[in-house]
Amino acid sequence: MRGRRGAFQVGSFRGIPIRIHFSLLLVLPLLAFLYGGVFRQAARTAQVPPELVGGVPLLWGLGMAVGLFASVLLHEMAHVLYALRTGGQVRSITLMIVGGVSEVTELPQRSRDEVLMALVGPLTSLGLGGLLLAVAWLLPESGAFNPRFALSYLGGLNLFLGAFNLVPAFPMDGGRILRGLLVGRMGLVRATRVAAWVGKGLALVFFLLALLSLNPFLGLVAFVIFTGAEAESRQVLLRQVLEKLHVEQVMTPRFHGVELSSSGAEALGDLRRARKPALPAIENDRPVGWVLLEDLTQVSEPERSLITVRDRVRPAVEVAPEDNAWQAMRKMVEAQPPLLLVLEQGRLVGTVDAEDLNAAVELHLSSEERGGGWPRWRQERPA
Ligand SMILES: [Zn+2]
């Protein structure tokens with residue numbers, strides 16, 4: 001059980017960790033209670049005689065809640081299986097309060113595969129829904145009421161899950177399908193922008209509907225779609241720009257750092273003068289790691305003059321000047337250092353932090369919008 005952003009691992013599938021978000025544990029008893037009420041109400045409405053109800057409503061409610069999460073997991077597994085089959089990479093599957101999230105770190109190369117990868121999830125849900133409804137229909141009417149009702153209700157939920165995910169808006173699967181269909185015609189960046197516009201338009205429609213019907217769930221959906229559209233287009237633009245740049249084009253040139261032997265107080269002075277949250281740590285002209293402002297401010301002032309940078313140094317993550325800037329960004333996200341050290345033949349020539357990457361992206365996007373000088377977007381994925 002390894003914690004990571006509020007989730008813990010419950011198992012794995014093809015070596016990919018399956019995690020459950022804590023919010024789900026809170027919502028599980030609530031759902032069990034709500035579904036229990038649905039079961040009680042359904043038996044009453046159908047005027048089922050007590051001997052034919054078949055079980056405690058609350059337990060059936062709990063079974064429904066677990067069944068719903070199992071359905072979401074199957075939906076995610078369909079995505080993951082397809083991604084793996086077509087050369088994608090998946091880091092984790094996390095079940096959350098609003099559904100499942102598969103962290104696909106490397107998308108399939110062809111846009112056709114991306115469309116299909118997005119499509120297999122909803123298709124699995126729709127298929128599962130149809131199957132459950134068929135089994136419920138085949139059960140004899142003279143039998144117990146609750147099992148039949150559970151199957152048809154879970155079937156209905158799966159149909160909803162499948163249909164809802166086909167809504168053409170990020171972060172729903174439908175958004176990816178729409179983008180994948182547009183990529184061949186207009187390239188990845190424009191396709192993502194168009195799909196994001198469609199998503200924001202739909203979010204607005206959902207928001208108005210939520211206001212008119214006073215439905216908080218619909219309001220939440222509108223919010224998730226709006227922020228999803230924003231995040232997705234940002235991510236794609238970032239990648240498109242950074243993939244064309246080398247580290248030396250985005251780095252801050254820097255040939256000096258904090259000496260490993262200098263005191264904590266001296267290092268803090270250097271960091272404050274440089275106005276940086278972190279600086280490289282140097283020993284005998286060789287960069288050996290980096291020192292973080294936060295690590296030094298946590299030490300009390302008298303103690304700060306007694307410790308050296310060596311006591312607080314963190315291991316370096318290195319890149320080369322000719323490395324791809326997108327790869328550098330991936331390294332930064334995976335290892336979570338606020339700073340990458342750029343080394344040329346073992347010597348420090350610069351540093352890259354999130355600010356450097358953002359500045360590079362903004363610069364190139366603004367020059368693209370002016371229409372001057374910047375080459376046309378290279379199409380990343382041949383359709
Ligand atoms: Zn999906």
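This one's a predicted model, so the numbers in the text were calculated from it and none came from an experiment. First listed ligand is number 1; within each ligand, the first listed atom is number 1.
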Whether F149 and F145 hold their rings parallel, tilted or perpendicular, with breakpoints at 30° and 60° = parallel
Listing protein N, O or S under 2.8 Å around the Zn ion (ligand 1) gives H75 NE2, H79 NE2, D173 OD1, D173 OD2
Taking 4.0 angstrom as the limit, do D353 and K276 come out as a salt bridge?
-> yes
Let me see the working for R314 and D295 under salt bridge (Lys or Arg N to Asp or Glu O under 4.0 Å), right down to the final yes or no.
-> CA-CA 10 Å; R314 297 187 178 219; D295 287 346; 2.8 Å; yes
Before accepting this row, confirm whether a basic side-chain N of the pair E318/K331 lies closer than 4.0 Å to the acidic partner's carboxylate O.
-> no
When you look at Y153 and Y35, which way does the ring pair (Phe, Tyr, Trp, His ring centres under 6.0 Å) test go after all the steps?
-> CA-CA 10 Å; Y153 199 70; Y35 285 139; 5.7 Å; yes
N-O pairing of D270 and R273 below 4.0 Å = yes
